[in-house]
Protein chains: 4
Amino acid sequence: MRKVDPERHDEKRRQILQAAERCFVRGGFRGASTSDICAEAGISPGHLYHYFESKEAIIAAMTEIGLQKAAARFDGLMQKPDVVAALLAEIDSLRLKQGMAGSMLHLEVLAEASRNPAIAKILQHRSRRLQQLLASFLRKGQELGQVDPGLEPDAAAAIVLNVVLGAGSLRVSNPHLDGASSRAMLKLLISRFLTPLGMAET
Amino acid sequence: MRKVDPERHDEKRRQILQAAERCFVRGGFRGASTSDICAEAGISPGHLYHYFESKEAIIAAMTEIGLQKAAARFDGLMQKPDVVAALLAEIDSLRLKQGMAGSMLHLEVLAEASRNPAIAKILQHRSRRLQQLLASFLRKGQELGQVDPGLEPDAAAAIVLNVVLGAGSLRVSNPHLDGASSRAMLKLLISRFLTPLGMAET
Amino acid sequence: MRKVDPERHDEKRRQILQAAERCFVRGGFRGASTSDICAEAGISPGHLYHYFESKEAIIAAMTEIGLQKAAARFDGLMQKPDVVAALLAEIDSLRLKQGMAGSMLHLEVLAEASRNPAIAKILQHRSRRLQQLLASFLRKGQELGQVDPGLEPDAAAAIVLNVVLGAGSLRVSNPHLDGASSRAMLKLLISRFLTPLGMAET
Amino acid sequence: MRKVDPERHDEKRRQILQAAERCFVRGGFRGASTSDICAEAGISPGHLYHYFESKEAIIAAMTEIGLQKAAARFDGLMQKPDVVAALLAEIDSLRLKQGMAGSMLHLEVLAEASRNPAIAKILQHRSRRLQQLLASFLRKGQELGQVDPGLEPDAAAAIVLNVVLGAGSLRVSNPHLDGASSRAMLKLLISRFLTPLGMAET
DNA sequence: CATGAATGAGCTTTCATTCAT
DNA sequence: CATGAATGAAAGCTCATTCAT
C-alpha cells in the first residue's frame, strides 16, 4: 500500500534522459526540441515537466551524469599497479566504448558551458573532481617512479584530461582518419609527456 | 546608374561577418538570431539576404574564414629556422591573440559540424589543408633533426593540431587555471612529443 | 466498511475553499492553478475532483460563500436601534476585518461575472438578497425618521451597497491614501445621502 | 523617399489596441489570448510583437489610454461655471458613452493592478493625476460657494472618483436595474455630499 | 478516499525568411 | 540598395482534467 513509488519515478527519469541523449546526439542541445524528446521517450509533451523542471534541467542532469560516469571510470584506474599503462589502456577503452555519442555530447557541453553559467558551473565542478582524481593518480605514479617527478601534478592532470576528452573531436574534423593509428599517436603523446626522461620508450 | 560595386559588396559582407562573429561569441550559432546580427551590423533584417543566402551561409563563411586565418598563421611559421621552437611560440601567440572568442567559436564549429553536414564538409576540408601544412612542416623538421623521425608526419600533425586547437576549452572547464603555467605545460607536452629522444629538454 | 461521512466531506470542502481563497488573493481566479490550490490545501491534484466538479465550481462556491458572509453581517445590523449609525459602524468594521483580501476577491468576482454567465448569475442572485435586506433596513429607518423618506429604498440600497463594496478598490488605486480619513469621508458621504434634510450632521 | 513611416506604425498600433480592447471586453485580460487579438486585428501571430513587446505591454498601453481619456474628459469640465452641475452632467455622459466596455475594462484594470505591480503603477500614477484635477476643481467650487468648504478637497476627490468610476459595476451585479433611476440616485449621492449644508437641493 | 502519472490543447513568444515599397 | 512590415511554423512551458492503482 505504498503511496509513492520513487523507484518508478527515477526509472522514468532515466528513460527520459536516455531518450534525450539520443535526441541531443542527433541535433545538439539547442537543435533537439522538448517535443522531440517526449516523442522519443514515448510520453506526452506536457508530461516531461513532471520529471524535469525545464529543458535546461535535462541538459544539466545529462552533463552531471556524463561526467560522473567518467569519474567512475577513473576511480577504477586507481587500483592498477602501473599508472601510465593504466592511463593508456583507458584511452583505448574510452574511445571504443562511447563511440561518437560521448564525444559529441562533450563538445555540446563545452559549447553550452561557454555561455550558459549554470552548465559552466556543473562542468567546472565535475572537471575539478576529475582532475583531482587524476592528479592524485599521477602523484602515486611519481612515487613509484613511473611518472616524471618534475611535472606539477595538478597542471599536468588538467592538460592530460583536456587532451583525452578533446580527442573525440578528431573524428569530427578528420572522419577519414585511421582510428588505430591516431589512438596510437595519442598514447605516444601522453606516454612521452608523463614518462621520466631517463626511461626507455614502450 | 552605377553598377553593383563588387568591392563595396565584399566590404559589406566582411562587416556583416564581423558583426556576426561578435553575436556568435555571445550566444553561439543557434543562440544568435539573424535580427541580432543585423542590429549589430547596422542593417535592416531583410537586407541581410542581399549578402548571404541564409543564416547557415553566414556560419559557413565564418567557419571558412576562421580556418583560413589559422592556415595563414601556419604559413608564416614555415619560414622560421627552428621548427619546434616556432611551433611552441605559436602556441603562446595563439592563446594570447584570439582570447576567448576564437576558442569558443572553434567549439561552436566542432559542435555544429558534428551534426550539420555542410559545416562538417567545410571543417574537414580546411582541417585537411591545415594538417598538410603542419605535416610538411614536421617533415622539414625531421630532415633538420629537430623532430623525431619515427613520427608519421600526417598522423602526428592531426594530433598536434587537435591538441593546440582544443586547448581553448581548458579555459571553459577550468577558468581558475593559471594561464601561464598551463601554457608552459602544453608546450612541454608538444615539445616532448616531437623532440627526438636523444635530445635534451628546454 | 464505513460509509461516506458527509461531515468530514464538508469539512474538507471548507478547507479546500480556504486554501483556494489564499491562492486567489495572490493571483486572481485565472492566475491561481488547481495545482497551487491542491498544494496549499495539502491534497493531491486528482483528489480535488472528489470535492469539486471543476475549477469553476470552486470559484462559484467561493463567490457564494463570500456573499453569504456579507449577508450574515447585514442580518446582524437589523437588530440595532439607530439605522444610519449602525450602517456607518459597519463601514468601519468591513474595512478592518477583511483587509485587502475581501476587496480583491470582490473585484475578481465582479470581473469574472462580467463575462462568465454562471458567476454572473450567482453574483446577481446574492446581490439581490443583500439589497433587499438593506432596503428593508432603510425602510425601517424611514419609519423611525432616521433616513430621508424621499429616497426610494431599493435604488438607494443598490447605490449604497455598490459604494461600500467598491470602497475596497480605493486601496488599489491609492495605496498611499490615509485609511482613517478616507473612511471618515466615506461615512460622511453615506451619512449625508441618507440623513433627512432637516437633521444636523454628526 | 521616406525610410520609415512612423504614422503608419502608430496607426497600426492603434488598430491592434482596438482589436485587443474588443477581445479583452469579451474575455478579460487573461482570458483573451494573443492569438485571439491577432486574429481580431487581422495580423499573423508573430507580427504582434513588431508593435508590442509583450502581452503585458498591450494591457499597460490600454490602461494608460483608458485613464488618459478619462483625464481628458475631466479637463473639459474645468471650464464649466457651475462645478457641481458640471460634475453631475459628467456622470450622465460617462455612463452613456462608454457603455459596458469601459466599466468592464476598468474592473479588469483594478483586478489586474491588485496583483500586477506594473499595472498597479500605471493605475496609481494616472489616478493621482485624475484626483489632483478633480481636487483643484473642487477647490474652485469651494471658492465659488458651490462646494462645502468643510470638505478636504483631496480626500473628497478620491472618494468621488472611486464612486463614479465604480458605478459601472452596478450593471454587472444588477443588470435589471433601471439605468435612469440609479443614475439619478448616484447624482443625488454626489450632490448631497458636495453641496454646502445651507443650500437647497436640486 | 487518495495518489500522482498522464494527457493534450493551448499559451506567449521567437525567428528565419519573404516581399512590397 | 535598403527598409521594415509581414508571415507562419515552431519553440518551451502551463494547466485543467482524467484515470489506473
Side-chain angles (χ1 to χ4, degrees), chain A residues 1-6 8-9 12 30-38 41-58, chain B residues 2-5 8-9 12 30-39 42-58, chain C residues 2-5 8-9 12 30-39 42-58, chain D residues 1-6 8-9 12 30-38 41-58:
Chain A
M1 224 176 283
R2 55 207 143 79
K3 297 278 162 146
V4 197
D5 190 342
R8 264 207 203 295
H9 192 268
K12 197 86 189 177
R30 312 270 188 160
S33 74
T34 52
S35 297
D36 293 341
I37 296 170
C38 290
I43 62 174
S44 67
H47 197 35
L48 183 66
Y49 293 84
H50 223 61
Y51 297 97
F52 294 93
E53 262 200 341
S54 63
K55 187 185 177 181
E56 201 186 314
I58 299 178
Chain B
R2 58 196 150 83
K3 294 241 179 101
V4 177
D5 182 343
R8 267 203 203 289
H9 194 267
K12 197 84 190 175
R30 310 269 186 159
S33 74
T34 51
S35 295
D36 292 341
I37 296 170
C38 290
I43 62 173
S44 66
H47 198 36
L48 183 67
Y49 291 81
H50 274 271
Y51 297 97
F52 295 93
E53 258 200 342
S54 65
K55 187 183 175 181
E56 204 186 312
I58 299 177
Chain C
R2 59 196 148 80
K3 296 243 178 98
V4 177
D5 184 342
R8 266 201 203 290
H9 193 267
K12 197 84 190 176
R30 311 269 185 158
S33 74
T34 51
S35 295
D36 292 342
I37 297 170
C38 289
I43 62 173
S44 67
H47 199 37
L48 184 67
Y49 290 81
H50 275 272
Y51 298 97
F52 294 94
E53 259 199 340
S54 65
K55 187 183 176 182
E56 201 186 315
I58 299 178
Chain D
M1 225 175 283
R2 57 208 141 78
K3 297 278 161 149
V4 196
D5 190 341
R8 266 209 203 292
H9 193 267
K12 197 84 190 178
R30 312 269 188 159
S33 75
T34 51
S35 297
D36 293 340
I37 296 170
C38 289
I43 61 174
S44 67
H47 198 34
L48 184 65
Y49 293 82
H50 222 64
Y51 297 97
F52 295 94
E53 262 201 340
S54 64
K55 188 184 177 181
E56 202 185 313
I58 299 179

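We name chains A, B, ... by the order of the sequence lines, and we start the count at 1 in each one. Note that these values count all heavy atoms, side chains included, but never hydrogens, waters or copies made by symmetry. As the structure is a prediction and not an experimental result, all values here were calculated from the model.
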Rounded distance (nearest 0.5 Å) linking atom CD1 of B:I43 with atom CG of B:L48 | 5.0 Å
Between F:dG4 (P) and B:I43 (CD1): distance, integer Å = 12 Å
Comparing B:H50 with D:K12, nearest DNA chain F nucleotide closer to 5' gives the residue B:H50
Non-neighbouring partners of D:S44 that pass side-chain contact (heavy atoms from CB on, under 4.5 Å), sequence neighbours left out = D:H47
Just call it for B:F52: base, sugar-phosphate, or nothing, with non-hydrogen atoms closer than 4.0 Å on any strand.
-> nothing
Which atom pairs, donor and acceptor, lie under 3.5 Å between side-chain atoms of residues 49-57 of chain D and protein residues at least two apart or in another chain?
residue : atom : partner : partner atom : Å
D:S54   : OG   : D:E56   : N            : 3.4
D:S54   : OG   : D:A57   : N            : 3.1
D:K55   : NZ   : D:F29   : O            : 2.9
D:K55   : NZ   : D:A32   : O            : 2.7

To the nearest 0.5 Å, atom CD1 of C:I37 lies from atom CD1 of C:I58 at 4.5 Å
Base-pair string, DNA chain E, Watson-Crick plus G-U, cut-off 3.5 Å on both distances, | for inter-strand, is .||||||||||||||||||||
E:dG4 OP1/OP2 closer than 4.0 Å to side-chain N/O of C:S44 = no
Interatomic distance, D:I37 CD1 vs E:dC11 C1' [rounded to whole Å] | 12 Å
Mark up nucleotides 13-19 of chain F, 5' to 3', with B wherever a protein heavy atom is under 4.0 angstrom from a base atom, S wherever such an atom reaches only the sugar-phosphate, and - elsewhere.
-> BBSBBBB
side-chain N/O A:Y51 vs E:dA6 OP1/OP2, d < 4.0 Å = yes
Report the residues that fulfil side-chain contact (heavy atoms from CB on, under 4.5 Å) with C:S33, sequence neighbours left out, ordered by chain and then residue number.
-> C:S35, C:D36
